[in-house]
Amino acid sequence: MARRPKRLRLVTWNINSVRLRLARLADLAVALEPDVICLQETKVTDAEFPLREVRATGYRHIAIRGERGYNGVAILSRIALARIDGTPDWCGKGDCRHLAVDLDIPGAPVRLHNFYVPAGGDIPDPAANPKFRHKLDFVAEVTTWFGNGAASGGRQIIAGDLNIAPLPDDVWSHRQLLDVVSHTPVETGLLGQWQATAGGWIDTMRHFVPPPQKLYSWWSYRNRDWRLSDRGRRLDHIWVTPDMAGTLKAGQIMKDARDWPLASDHVPVCVEMLV
DNA sequence: ATGGTAGATATTCTA
């Protein structure tokens, strides 16, 4: 007898401090009713992670990898999950930028990766800027890892703040951002190589909203009126392996979240699948 | 060309 497909609504959100924005997380849970939420920049150690408050929003299954003050990723789920141990220590830095879990969908498991790629600093020159060097090395290492078989063996999802806006219509001005970290050709080229692993990951937001429509997920705090100037970039992504193409049902970027009280500079990105 | 804001932490770093 055929298995009844399960709705999987997945959100990725750079929350920029989970402790500061717990109320916004609860709002997100009510507004979108995601089954799984991938968070980046939780900025909290595992010992200090607000587990009780997050469980109270309805997410009983939680995987966390955090450190003090910076970085930090978490996966919150209504679906049971099993954490994947032994993922690489990217660039040997011991920082908290990647979590992988298997979602317990009976008869149809899905592996989920949550990434927070280094932002890369201000100067797009790896010789002059170690943060940019780190970013390029990080993406290259991840690409090698997936290319060497980490992506083989079934359905997988990559979600997270990849800190790269790959397409010309993923930024407010392609021409003006070619020299700006997040949209330089070396970065978009490397991201393309990563995306080409696993037989070609599907960019789910662009599956639903193809170019030349503009699509952003981040607006700087430094713009006085973010909506008026609309100088956005699409830094947050959800990719799926090609064998999941038929599961994609809807996608949306929750732009209104940028106007929430005490907003993050990133907004939630959401995809719905029937898996 | 510059500086603008935000968060965690400690008076500076990261984004």
Side-chain angles (χ1 to χ4, degrees), chain A residues 12-28 38-50 53-54 64-74 90-91 93-98 114-126 128-139 159-166 170-173 175-184 186-188 191 216-237 254-269:
Chain A
T12 182
W13 187 29
N14 180 320
I15 194 170
N16 189 15
S17 172
V18 69
R19 287 180 290 186
L20 189 70
R21 258 176 274 284
L22 272 171
R24 297 294 82 74
L25 182 64
D27 292 343
L28 169 66
C38 294
L39 298 177
Q40 303 86 35
E41 285 208 88
T42 55
K43 297 188 173 179
V44 65
T45 62
D46 292 351
E48 293 177 302
F49 191 93
E53 294 85 344
V54 168
I64 52 178
R65 173 180 282 175
E67 61 188 287
R68 184 172 180 266
Y70 304 105
N71 307 326
V73 283
W90 306 111
C91 302
K93 287 188 170 291
D95 54 13
C96 298
R97 298 179 177 276
H98 178 210
N114 180 12
F115 276 100
Y116 176 51
V117 170
D122 289 329
I123 304 164
D125 175 359
N129 175 8
K131 289 186 227 171
F132 195 66
R133 174 83 270 156
H134 178 212
K135 182 179 198 174
L136 302 185
D137 290 346
F138 186 100
V139 175
D161 176 3
L162 306 187
N163 263 317
I164 297 172
D170 291 336
V171 293
W172 63 275
S173 168
R175 185 181 56 82
Q176 288 178 260
L177 271 76
L178 279 170
D179 287 330
V180 175
V181 172
S182 73
H183 194 61
T184 64
V186 63
E187 292 169 89
T188 57
L191 194 71
Y216 313 137
S217 65
W218 173 89
W219 292 261
S220 171
Y221 282 126
R222 298 178 190 180
N223 286 321
R224 207 151 309 217
D225 186 336
W226 73 274
R227 199 184 282 275
L228 181 67
S229 55
D230 201 22
R231 296 186 166 189
R233 306 178 202 172
R234 189 169 70 102
L235 306 178
D236 304 276
H237 303 274
M254 201 180 183
K255 184 173 179 178
D256 288 349
R258 189 62 182 77
D259 269 335
W260 279 345
L262 203 67
S264 169
D265 46 353
H266 297 253
V267 299
V269 172

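Every chain is numbered from 1 and lettered A, B, ... according to where its sequence line falls, protein lines coming before strand lines. Here the structure is a predicted model, which is why all the values come from computation and not from measurement.
- For the atom pair A:His183 NE2 and A:Leu177 CG, the distance stands at 6.5 Å (nearest 0.5 Å).
- At whole-Å resolution of the value, CG in A:Asn16 and C1' in B:dT5 are 11 Å apart.
- Atom CD1 of A:Ile15 is separated from atom P of B:dA6 by 17 Å (rounded to the nearest Å).
- Spacing between B:dT14 and B:dA10 at atom P, rounded to whole Å, works out to 14 Å.
- In this structure, the nucleotide among B:dT9, B:dT5, B:dA15 sitting nearest to the side chain of A:Glu41 is B:dA15.
- Scored by the side-chain contact (heavy atoms from CB on, under 4.5 Å) test, A:Pro126 finds A:Phe132, A:Arg133, A:Leu136 as partners (sequence neighbours excluded).
- Per the geometry, CZ belonging to A:Phe49 stands 14 Å off P belonging to B:dA8, to the nearest Å.
- A:His98 pairs by the ring pair (Phe, Tyr, Trp, His ring centres under 6.0 Å) definition with A:Trp90, A:His113, A:Phe115, A:Trp145, not counting sequence neighbours.
- No engagement by A:Leu235 is indicated, since no non-hydrogen atom pair under 4.0 Å with the nucleic acid exists.
- Taking the C1' atoms as reference points, B:dG7 lies 15 Å from B:dT11, given to the whole Å.
- One can place CG of A:Asp265 at 10 Å from C1' of B:dG7, the figure rounded to the nearest angstrom.
- Along DNA chain B, the nucleotide nearest A:Asn223 and the nucleotide nearest A:Gly69 are compared for position; the residue whose nucleotide lies closer to the 5' end is A:Asn223.
- Here A:Arg24 pairs with A:Asp27 under the side-chain hydrogen bond (donor to acceptor under 3.5 Å, both in side chains) rule; sequence neighbours left out.
- With sequence neighbours excluded, no residue forms a salt bridge (charged side-chain N to carboxylate O under 4.0 Å, His left out) with A:Asp225.
- Residues meeting the ring pair (Phe, Tyr, Trp, His ring centres under 6.0 Å) test with A:Trp172, sequence neighbours left out: none.
- For A:Arg233 and B:dA15, the CZ to C1' distance is 11 Å, given to the nearest whole Å.
- Distances shorter than 4.0 Å separate some side-chain N or O of A:Arg68 from OP1 or OP2 on B:dA10.
- Atom-to-atom, CZ of A:Arg231 to C1' of B:dT5 comes out at 15 Å; the value is rounded to the nearest Å.
- Rounded to whole Å, the C1' atom of B:dA15 lies 15 Å from the corresponding atom of B:dT9.
- In this structure, A:Arg224 atom CZ and B:dG3 atom P are separated by 14 Å, rounded to whole Å.
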Might you list the N or O atoms of the protein lying below 3.5 Å from N or O atoms in nucleotides 11-14 of chain B, with each pair's distance?
residue : atom : partner  : partner atom : Å
B:dT14  : OP2  : A:Lys131 : NZ           : 3.3

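- At a cut-off of 3.5 Å, with distance as the only test, no side-chain donor of A:Asn16 or A:Glu41 sits close to an acceptor on the other residue.
- Following rounding to the nearest Å, A:Glu48 (CD) and B:dA8 (C1') show an atom-to-atom distance of 11 Å.
- Annotation: of the two residues near DNA chain B, A:Leu262 and A:Gly121, the 5′-most nearest-nucleotide partner is A:Leu262.
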